[in-house]
**Student:** 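The structure that follows is given in the form of structure tokens.
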Amino acid sequence: MKYDFKKIEPKWQKKWEDAKLFEAKDFSDKPKFYGLVEFPYPSGAGMHVGHIKAYSSMEVLSRKRRMQGYNVLFPIGYDAFGLPTENYAIKTNTHPRVITDANIEKFSNQLRSVGFSFDWSRTVDTSKDDYYRWTQWIFLKLFDHGLVFRDKTLVNYCPHCKVVLSNEDSQGGKCDICHTDVIQLPKDVWYLKITEYADKLLKGLDTVEYPEAIKQQQINWIGKSTGAFVDFTIDGVDEKLEIYTTRPDTLFGVTFMVMAPEHPMIDKYQDRISNMDAINAYRDECAKKTEFERTQLVKDKTGLKIEGLEAVNPVNGKKIPIFIADYVMMGYGTGAIMAVPAHDQRDWDFAHAFDIPIIEVIKGGDISREAYTGDGEMINSDYLNGLTNKKDSIAKMIGILEEKGIGHAGVQFKMKDWAFNRQRYWGEPIPLIHCPECGVVGVPYEELPLRLPEVKDFEPGEDGKSPLAKIPEFVNCTCPKCGGPAQRETDTMPQWAGSSWYFLRYCDPHNDKAFADMDKLKYWMPVDWYNGGMEHVTRHLIYSRFWHRFLYDIGEVNTPEPYSKRSAQGMILGADGEKMSKSRGNVVDPLDIVNQYGADTLRVYVLFMGDYGSAAPWNDSSVKGCRRFLERVAGLTDLITDEKKKVSYETLLHKTIKKVTDDIEAQKFNTAIAALMTLINEIYKEGSISKEDLVIFLKLLSPFAPHIAEEIYEMIGGEGFITVSEWPEFDESKTVDATIEVGVQVNGKVRAAVTIPAGCDKDTALAAAKANDRVASFVEGKKIVKEIYVPGKIINIVVK
RNA sequence: GCCGGCAUGGCGGAAUUGGCAGACGCGCGGGACUUAAAAUCCCGUUCCCGCAAGGGAGUGCGGGUUCGACCCCCGCUGCCGGCACCA
């Protein structure tokens, strides 16, 4: 058969769509499979080869599962709100709705041209009001349950994008979108109390099947630490200074305390502080530093003694000085620490810079040179003296603290609450109302969706205000509680909102009574397998787990965790081995490949190019190799005969069925394809193939290269679609050869290979080995010490 | 600094998890077809010595366990990713 991909690919795409082969049925007697991929942000640049690889694993799995008789839900949608679109809207003076619609149109055409088996009837668009209505609905539920709060703090602010950024969006002190240096700005910010879910998010990881690397990253990100809170009294002041420490057992080694520059007690007791001017000067200096500069690990600690305030160590009554220093952060623990320079390197550095005494309380190090953080015998610590294990000494100290009422055990998390607003237009309006009488009031549920008003000017307002603030008709409203005049919140939600629950909407995308019907959720959820990028592990993956867990806690969904299993694809690098980027000029457009070689070639190539989970560079020659393979597949139609197949061929066929079946499940697509290549090489060597065997081959190939598989199947008279035909079964007994070749080692070195009957005993195998000339020559004249035969694997003769 | 991962031919990568290292593909060399090129097909291709038969070395480095190690253990080195003054 001539391989005319330009004709056959659109032909089958249309036939599949007309036959509605990929539409999932709600409820069915078949087992269900919900395969999820991260929906794309519909950028103007269109699809990237990375998208193809990211979607191909679930694509192959979904196609295989359909053939295996599953009711498959494999949906797609668009994460359509976001800054790039808005920035483009400003630049071109076009409404973001228009841009978004055009981009979605483009994306969906591109995705279709690759032949992905998505259920297009369930497509969602997070920027449509029938979708974001429910995003707002969930937000209001969070608000009703006290998980939304407002706080005035220093926020990460991008002067270029003019938006407040979460810590996640400003990693490394750079804006995630434009890479401008992030500055600190005091602002009123809405937060979601994700920290309240820290423990649940941590524990939930034990119940899901994620790769260890992903679990570790999330564990790190959540950053649970166990320790104790301890109250220090301040001399002459009727207020305790509370600190958090992981080593309460070192309390006798405390020689000073440090407060973060922003610590509220400083202002509160400024009348007692004699060097307030100097302190304010230091604080100003700190405020100028970016979060990034401040968190840079530096040996040269800066700080200042607070003159006029003195703390008292609660365990021994000793008076100790208090400093402010920017190595202590207001955002972690209590914003103040007890400093134990002998056993904490940062405290040690500070003590050296400020000439503060150092008291050793744990033996084992040389504290004149550096802090000792290891285990050892407790000394200089009264009732703790002599204990040698930190677990025991910590437990004992916490017991004493609790008994005396000066402290208690506690935990801390590194994870911060989620800054949940942007001063931008193209996002979900936050459904809250500011009433001068009632305070902050939620928009009534029945008034949702709170639609984005039409505006002409998308430029952010001055001092970081949302463009919505410029529209009086939107801003001015009546309070739903008291009916008095009130004002709407004008900020919108961050990019991550819509994607935090989209997998639920796929279960019931057109529902206008609820975000999804509970029975449908019960049928489809949880997602059986979610594939996506490593870059989303600490943001999207945690945020969506948080929302889902919250919905579970209030009885709106049926499972605590949304995803049973998660996997991640490796990046496709440019041909030069570098990350693909426009500036490097190494970007490959998937549509070029579709046009030049065909969608099937592209699909096979992205899965064949290497280990699915690892990064691999693009290689044009290898693409051609995959095309060559498909040409050989097309050529099989010329080899069809009715001849009986050889036993050796039948064994290979069954081995291949087994390998492809297993490898797809393990995401070892490269070796699955390699097995198909091996089989086709063998078929060509034989020079013929029966129609029956060809069908088996095509079925195995069809998840990878469905268009060509369909075309040949139709041509040789196959009934219906191969896409929904039955997946081939293998006969385990036929996957083993009658005779096998095993290596023969002499003293562990391979010297020969002998062919022996598959199930033969040790004596037969050894006899065959010794009969081999080469083996004999190595054994001759020596004494056989040991003989080993591992059935089917190896023979080893040890001689002396 | 802490956490995780990786290291195999000229290249991407295989190796049933302790049993013939280099499957499959690319590239390269040789040949066939062709006036020629492309395409296609056949043969070869880890490295070193050898015309060959054959021999030796070999999975980042150094040790160890084992009849046998890419795989397990101990000690390094180098890359990649994440977190990071987290008390």
Side-chain angles (χ1 to χ4, degrees), chain A residues 171-172 211-221 223-225 227 243-247 250 258 260 294-299 301 325-329 331-340 343-347 349-350 373 412-416 534-535 537-538 571 573 577 604-605 608-611 613-626 628-629 631-632 635 655 658-659 662 668 670-681 684 741-754 774 785-799:
Chain A
Q171 293 180 44
E212 200 47 40
I214 292 180
K215 283 195 184 182
Q216 277 307 324
Q217 266 191 47
Q218 293 211 349
I219 290 167
N220 263 337
W221 187 259
K224 182 175 183 172
S225 102
I243 60 92
Y244 174 75
T245 177
T246 54
R247 295 302 301 269
T250 60
V258 186
R294 224 184 121 175
T295 53
Q296 281 297 89
L297 203 145
V298 284
K299 267 219 149 349
K301 299 274 182 285
D326 67 354
Y327 81 91
V328 173
M329 309 290 148
Y332 184 81
T334 62
I337 62 157
M338 65 178 214
V340 185
H343 306 291
D344 181 291
Q345 192 58 43
R346 293 154 301 174
D347 297 345
D349 292 338
F350 192 86
T373 52
Q412 274 298 299
F413 295 94
K414 286 184 198 172
M415 188 164 66
K416 304 272 197 297
M534 281 308 286
E535 68 275 19
V537 167
T538 53
M571 224 190 312
L573 305 171
V604 169
Y605 175 66
F608 182 66
M609 64 191 297
D611 171 49
S614 310
W618 186 267
N619 184 322
D620 283 321
S621 300
S622 289
V623 177
K624 286 182 200 153
C626 292
R628 210 169 285 155
F629 165 61
E631 295 276 5
R632 280 162 74 78
K655 276 183 180 169
K658 181 177 161 68
K659 180 134 187 79
D662 295 347
K668 289 163 76 171
N670 53 340
T671 51
I673 293 166
L676 291 170
M677 289 174 170
T678 305
L679 182 61
I680 205 171
N681 289 345
Y684 268 90
E741 198 180 57
V742 292
V744 183
Q745 299 178 332
V746 179
N747 286 350
K749 265 198 189 304
V750 179
R751 296 300 181 182
V754 292
R774 273 175 52 69
V785 189
K786 199 168 182 180
E787 293 173 331
I788 292 149
Y789 175 55
V790 182
K793 310 264 187 187
I794 201 117
I795 297 164
N796 191 8
I797 300 170
V798 186
V799 297

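In the text below, chain A, chain B and the rest are named by the order of the sequence lines, each starting its count at 1. Since the structure is predicted, the reported quantities are computational estimates derived from the model, not experimental observations.
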**Student:** Between A/F350 and A/A325, which heavy-atom pair has the shortest distance, and what is it?
**Tutor:** CE1-CB, 3.7 Å
**Student:** Kindly indicate whether the side chain of A/M609, heavy atoms from C-beta on, has any atom under 4.5 Å from the side chain of A/N619.
**Tutor:** no
**Student:** Quick one: which of B/C67, B/C24, B/G56 gets closest to the side chain of A/K786?
**Tutor:** B/C67
**Student:** Using a 4.0 Å heavy-atom cut-off across all strands, classify A/V790 as base, sugar-phosphate, or nothing.
**Tutor:** base
**Student:** Looking at B/A87, B/G19, B/G12, which one has an atom nearest to any side-chain atom of A/I794?
**Tutor:** B/G19
**Student:** Taking only side-chain nitrogens and oxygens of A/R632, does any of them come within less than 4.0 Å of OP1 or OP2 of B/U40?
**Tutor:** no
**Student:** Quick one: which of B/G55, B/C24, B/G82 gets closest to the side chain of A/T678?
**Tutor:** B/C24
**Student:** Would you mind classifying the nucleic acid contact of A/K749 as base, sugar-phosphate or nothing, using non-hydrogen atoms under 4.0 angstrom?
**Tutor:** sugar-phosphate
**Student:** Is there a donor and acceptor pair closer than 3.5 Å between the side chain of A/K414 and the base of B/C83?
**Tutor:** no
**Student:** Once you round it to whole Å, what is the distance between C1' of B/C85 and CG of A/D326?
**Tutor:** 9 Å
**Student:** For the pair A/Y605 (side chain) and A/D620 (backbone), establish whether a donor and an acceptor sit closer than 3.5 Å, ignoring hydrogens and angles.
**Tutor:** no
**Student:** In whole Å, what separates the C1' atom of B/G9 from that of B/G44?
**Tutor:** 15 Å
**Student:** Looking only at the side chain of A/T671 (C-beta and beyond, no hydrogens), which of the listed nucleotides B/A14, B/G82, B/C86 gets closest?
**Tutor:** B/A14
**Student:** Across all strands shown, which nucleotide pairs with B/A57 by Watson-Crick or G-U wobble geometry, both distances under 3.5 Å?
**Tutor:** B/U46
**Student:** Categorize A/A615 for me: base, sugar-phosphate, or nothing, with a 4.0 angstrom heavy-atom threshold over every strand shown.
**Tutor:** sugar-phosphate
**Student:** For B/G1, does OP1 or OP2 lie under 4.0 Å from any side-chain N or O of A/R346?
**Tutor:** no
**Student:** C1' atom, B/C61 versus B/G10: distance in rounded Å?
**Tutor:** 23 Å
**Student:** Measure CG/A/D611 against C1'/B/A7 and give the value in whole Å, please.
**Tutor:** 14 Å
**Student:** Strictly below 4.0 Å: does A/R247 bring a side-chain N or O up to OP1 or OP2 of B/A87?
**Tutor:** no
**Student:** Check whether the side chains of A/D347 and A/Y327 place a donor and an acceptor atom closer than 3.5 Å, and report yes or no.
**Tutor:** yes
**Student:** Within this structure, what is the OH-to-P distance between A/Y684 and B/C43, rounded to whole angstrom?
**Tutor:** 15 Å
**Student:** Toward the 5' end of RNA chain B, which comes first, A/V798 or A/I795, by nearest nucleotide?
**Tutor:** A/I795
**Student:** Reckon A/Q745 touches a base, only the sugar-phosphate, or nothing at all at heavy-atom distances under 4.0 Å?
**Tutor:** base
**Student:** Between B/G22 and B/U59, how many Å separate the two P atoms, rounded to a whole number?
**Tutor:** 14 Å
**Student:** Check every atom of B/A87, B/G13, B/C26 against the side chain of A/N619 and return the nucleotide holding the closest atom.
**Tutor:** B/C26
**Student:** Just name whichever nucleotide pairs with B/C72, Watson-Crick or G-U, keeping both distances under 3.5 Å, else none.
**Tutor:** B/G64
**Student:** In whole angstrom, what separates A/M534's CE from B/G81's P?
**Tutor:** 12 Å
**Student:** Can you find a donor-acceptor N/O pair under 3.5 angstrom joining the side chain of A/N796 to the base of B/C67?
**Tutor:** yes
**Student:** Rounded to the nearest Å, what distance is computed from the OH atom of residue A/Y789 to the C1' atom of nucleotide B/C20?
**Tutor:** 13 Å
**Student:** In whole angstrom, what separates A/Q218's CD from B/G81's C1'?
**Tutor:** 15 Å
**Student:** Under a 3.5 Å cut-off for both contacts, is B/U40 paired Watson-Crick or G-U wobble with anything, and if yes, with which nucleotide?
**Tutor:** B/A32
**Student:** Among A/T538, A/V537, A/I219, which residue satisfies the side-chain contact (heavy atoms from CB on, under 4.5 Å) criterion with A/I214?
**Tutor:** A/V537
**Student:** Using the C1' atom as the reference point in each nucleotide, state the distance between B/C70 and B/G18 in Å, no decimals.
**Tutor:** 11 Å
**Student:** Just by modelled atom types, is the A/A339 backbone N or O under 3.5 Å from a matching donor or acceptor in the A/D344 side chain?
**Tutor:** no
**Student:** Taking the chi torsion of B/G50, is it syn (within 90° of 0) or anti (everything else)?
**Tutor:** anti
**Student:** Which whole number of Å gives the distance between the P atom of B/G19 and that of B/A69?
**Tutor:** 11 Å
**Student:** Is the base of B/U66 syn or anti, if syn means a glycosidic angle within 90° of 0?
**Tutor:** anti
**Student:** Examine the side chains of A/N220 and A/Q216 and answer whether a donor and an acceptor come within less than 3.5 Å of each other.
**Tutor:** no
**Student:** Provide, to the nearest angstrom, the distance between the CG atom belonging to A/L676 and the C1' atom belonging to B/C24.
**Tutor:** 11 Å
**Student:** For A/G223, answer base if it contacts any base atom (sugar-phosphate contacts may also be present), sugar-phosphate if it contacts only those atoms, and nothing otherwise; contact means non-hydrogen atoms under 4.0 Å.
**Tutor:** nothing
**Student:** Determine which nucleotide pairs with B/C26, using a 3.5 Å limit on both distances of a Watson-Crick or G-U wobble pair.
**Tutor:** B/G10
**Student:** Could you please name the option among B/U16, B/A87, B/G25 that lies closest to any side-chain atom of A/M677?
**Tutor:** B/G25
**Student:** Applying the Watson-Crick and G-U wobble criteria at under 3.5 Å, what pairs with B/G1? Answer none if nothing qualifies.
**Tutor:** B/C83
**Student:** Of the candidate nucleotides B/A23, B/A87, B/C20, which contains the atom at the shortest distance from the side chain of A/M329?
**Tutor:** B/A87
**Student:** Hey, which sits more toward the 5' end of RNA chain B by its nearest nucleotide, A/T246 or A/G743?
**Tutor:** A/G743
**Student:** How far apart are the C-alpha atoms of A/Q345 and A/T373, what are their side-chain angles, what is the distance that settles it, and do they pass the side-chain contact (heavy atoms from CB on, under 4.5 Å) test?
**Tutor:** CA-CA 8 Å; A/Q345 192 58 43; A/T373 52; 5.8 Å; no
**Student:** Considering every strand and a 4.0 Å limit on heavy-atom distances, what is the contact class for A/N681: base, sugar-phosphate, or nothing?
**Tutor:** sugar-phosphate
**Student:** A/K668 near the nucleic acid: base, sugar-phosphate alone, or nothing, with a heavy-atom cut-off under 4.0 Å?
**Tutor:** sugar-phosphate
**Student:** For B/G29 and B/U46, measure between their P atoms and round to the nearest Å.
**Tutor:** 16 Å
**Student:** Taking the side chain as C-beta and beyond, is there a heavy-atom pair between A/T250 and A/M338 under 4.5 Å?
**Tutor:** yes
**Student:** Is there a side-chain polar atom (N or O) of A/Y244 under 4.0 Å from OP1 or OP2 of B/A87?
**Tutor:** no
**Student:** Which whole number of Å gives the distance between the P atom of B/C43 and that of B/A23?
**Tutor:** 15 Å
**Student:** What is the distance, to the nearest angstrom, from the CZ atom on A/F413 to the C1' atom on B/A84?
**Tutor:** 18 Å
**Student:** Under 4.0 Å, counting only non-hydrogen atoms across every strand here, what does A/E741 touch: a base, just sugar-phosphate, or nothing?
**Tutor:** base
**Student:** Hey, does the side chain of A/N670 come within less than 4.0 Å of B/A14's phosphate (OP1/OP2), counting only N and O?
**Tutor:** yes
**Student:** Let's see if you can work this out: which of B/G27, B/G55, B/G4 has an atom nearest to the side-chain heavy atoms of A/A213?
**Tutor:** B/G4
**Student:** Using side-chain heavy atoms (C-beta onward) and a distance below 4.5 Å, is A/W221 in contact with A/M415?
**Tutor:** yes
**Student:** Quote, to the nearest angstrom, the P distance that separates B/U45 from B/G81.
**Tutor:** 38 Å
